Amino acid sequence: MQPRTPVTRVLVIGAGAMGSQIALTAALAGYPTTVQDVSECQLDDAAAQLRDRTDKMVASGKLAAEQAGQAHALLDFSTDLDAVAPAADFVIEAATERLDIKEAIFARLGRLAPPHAILATNSSTIGSSAVAGASGRPGQVCNLHFFNPVLVMECVEVVRHAGTSQETVDTALAFARSLGKAPVLINREVPGFVANRLMGAVQKEALALLAGGVASMEDIDATAKTALRHPMGPFELMDLVGLDVVDYIAQATHAATGDPADAPDASVAALVRAGKLGRKSGAGWYSY
Ligand SMILES: NC(=O)c1ccc[n+]([C@@H]2O[C@H](COP(=O)([O-])OP(=O)(O)OC[C@H]3O[C@@H](n4cnc5c(N)ncnc54)[C@H](O)[C@@H]3O)[C@@H](O)[C@H]2O)c1
């Protein structure tokens, strides 16, 4: 497949949950894609997991074996940013959610990537304005925010900061479309962008209804599914996302807005302190 964008080579930084899937998505769309991570071990795990993922897709008839083979042939893995960044037209940074780490990566990318390259961050809570200056090319920086699981979720939020150029926005939107995604444009950086704000509003109301004794969490979840056709209820969704992540997002939002209405929820924080993080720890709001 020949992608119809000015992008010829993709670089994904960070081979974790998101970076590895973003890289596979790009390779499945026909882009030669490099995944870079500081951890060799993480790269090995990511390569094995992506093989496993495409094997399952082939076995279930969702992907032709030939397409899987072509995608893997387009993927490569490296720990050496100096070596791989000079070939990239479009970089998606999906490294650990820490500003100091991301700033250092954008500073290096600014020096190493070709002058025309677009530098995007997949961060959920750090707006690209926080790293744009370090890159030395702020006009070519934006958030390109994918959703987990990347291979399944269609939405990609393209978030511009005040200095993002229109050309960068247009290329980012076209690139996301070429991955088979349905990008949306967020015109200014607000904590949580749009999707997490909508989700947060539903969560906040669900927590207030539970705390007020209005309905049980099972019945609140059932209402979301049977009256609103949500695929899962807010408590089930929090367990899926991870209560530590829910709590972290609330803390980051609260720190950014200072609005008491955005303060982290005490019952979520208590579950996190008890080690109940949701599905991944075997218990959260529900037991698994
Ligand atoms: N997990 C989600 O559901 C989700 C959804 C949307 C966006 N995001 C965002 O995606 C980003 C990554 O999240 P994740 O869940 O994949 O994290 P993760 O912890 O699974 O992976 C992060 C990876 O970054 C690597 N890394 C750390 N420092 C690095 C550096 N200097 N250079 C290269 N690699 C480095 C780590 O070794 C690790 O493999 C975060 O910014 C997060 O906000 C996450």
Side-chain angles (χ1 to χ4, degrees), residues 11-26 34-50 53 77-85 88 91-113 119-128 130-131 134-135 141-159 176 179 181 183-184 186 189 191-200 237-253 255-256 277-280:
L11 170 61
V12 178
I13 309 226
M18 294 301 285
S20 57
Q21 289 185 70
I22 293 169
L24 178 59
T25 303
T34 300
V35 189
Q36 187 272 343
D37 200 291
V38 285
S39 157
E40 186 91 54
C41 170
Q42 187 75 34
L43 288 170
D44 292 345
D45 283 357
Q49 275 169 24
L50 293 184
R53 212 174 262 275
F77 299 85
S78 173
T79 53
D80 189 350
L81 188 62
D82 290 1
V84 297
V91 183
I92 303 156
E93 172 277 313
T96 307
E97 187 72 345
R98 267 180 40 194
L99 180 57
D100 57 337
I101 291 178
K102 292 183 190 286
E103 264 184 320
I105 291 171
F106 274 76
R108 285 183 73 193
L109 288 172
R111 291 193 298 275
L112 295 167
L119 312 178
T121 174
N122 181 51
S123 177
S124 300
T125 60
I126 300 171
S128 68
V131 292
S135 76
V141 175
C142 65
N143 285 75
L144 195 69
H145 185 228
F146 289 83
F147 292 84
N148 197 8
V150 178
L151 288 158
V152 177
M153 304 301 270
E154 288 174 281
C155 187
V156 174
E157 292 178 321
V158 175
V159 189
L179 301 183
K181 299 300 180 195
V184 292
I186 316 296
E189 289 177 344
F193 309 140
V194 168
N196 284 338
R197 283 180 87 94
L198 291 175
M199 187 175 77
L237 184 58
M238 282 187 259
D239 274 358
L240 181 69
V241 170
L243 294 173
D244 52 336
V245 177
V246 170
D247 190 49
Y248 176 77
I249 291 173
Q251 286 178 36
T253 305
L277 307 182
R279 274 175 190 263
K280 62 186 168 189

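Every value quoted in this text rests on a predicted model; they were computed, and no experiment measured them. Both counts, for ligands and for their atoms, begin at 1 and track the order of listing.
For atom 19 (O) of ligand 1, the protein comes within 4.0 Å by no heavy atom at all.
With hydrogens and angles ignored, the 3.5 Å screen pairs no side-chain donor or acceptor of Glu157 with any backbone N or O of Phe146. No donor-acceptor distance shorter than 3.5 angstrom exists from the side chain of Lys102 to the backbone of Ser123, with no hydrogens or angles considered.
Ionic pairing of Asp82 and Arg108 is present here: one or more N-O contacts between side-chain nitrogen and carboxylate oxygen are shorter than 4.0 angstrom.
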Does Gln21 form a side chain to side chain donor-acceptor pair (under 3.5 Å) with Asn148? I'd like the steps, not just the answer.
CA-CA 9 Å; Gln21 289 185 70; Asn148 197 8; 3.2 Å; yes
Glu97 and Ser124: CA distance, side-chain angles, deciding distance, side chain to side chain donor-acceptor pair (under 3.5 Å) verdict:
CA-CA 8 Å; Glu97 187 72 345; Ser124 300; 5.4 Å; no
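In this structure, of Ala195, Gly242, Ser124, the residue bringing a heavy atom nearest to atom 8 (N) of ligand 1 is Ser124.
The protein heavy-atom contact nearest to atom 29 (C) of ligand 1 is Val38 CG2, 3.7 Å.
Between Val245 and the options Asp247, Ile249, Leu243, a side-chain contact (heavy atoms from CB on, under 4.5 Å) holds for only Ile249. Residue Thr25 forms a side-chain contact (heavy atoms from CB on, under 4.5 Å) with just one option from Ile92, Val12, Leu151, Val156, and that option is Leu151.
Contacts with ligand 1 closer than 4.0 Å are made by heavy atoms of both the backbone and the side chain of Asp37. Counting heavy atoms under 4.0 Å from ligand 1, residue Phe147 does not touch it at all. At a heavy-atom distance under 4.0 Å, only side-chain atoms of Asn148, from C-beta outward, approach ligand 1. Residue-level proximity to ligand 1 for Ile105 is carried by the side chain, the only part with a heavy atom below 4.0 angstrom. Looking at Gln42 against ligand 1, only its side chain comes within 4.0 Å, counting heavy atoms.
Taking any N or O of Glu93, backbone or side chain, none lies under 3.5 Å from an N or O belonging to ligand 1. For ligand 1, none of its N or O atoms has an N or O atom of His145 under 3.5 Å away.
Under a 4.0 Å criterion applied to the non-hydrogen atoms of Ile101, ligand 1 contributes the atoms 28 (N), 31 (N). Each of the following atoms of ligand 1 lies closer than 4.0 Å to a heavy atom of Glu97: 40 (C), 41 (O), 42 (C), 43 (O). The atoms of ligand 1 that sit less than 4.0 Å from any heavy atom of Gln36 are 32 (N), 33 (C). Heavy-atom contacts of Lys102 reach the following atoms of ligand 1: 40 (C), 41 (O) (cutoff under 4.0 Å). Atoms of ligand 1 lying under 4.0 Å from any heavy atom of Asn122, numbered from 1 in the order shown and given with element: 7 (C), 8 (N), 9 (C), 10 (O).
Using a 3.5 Å distance cut-off with no hydrogens or angles, the side chains of Gln36 and Ser78 do not pair a donor with an acceptor.
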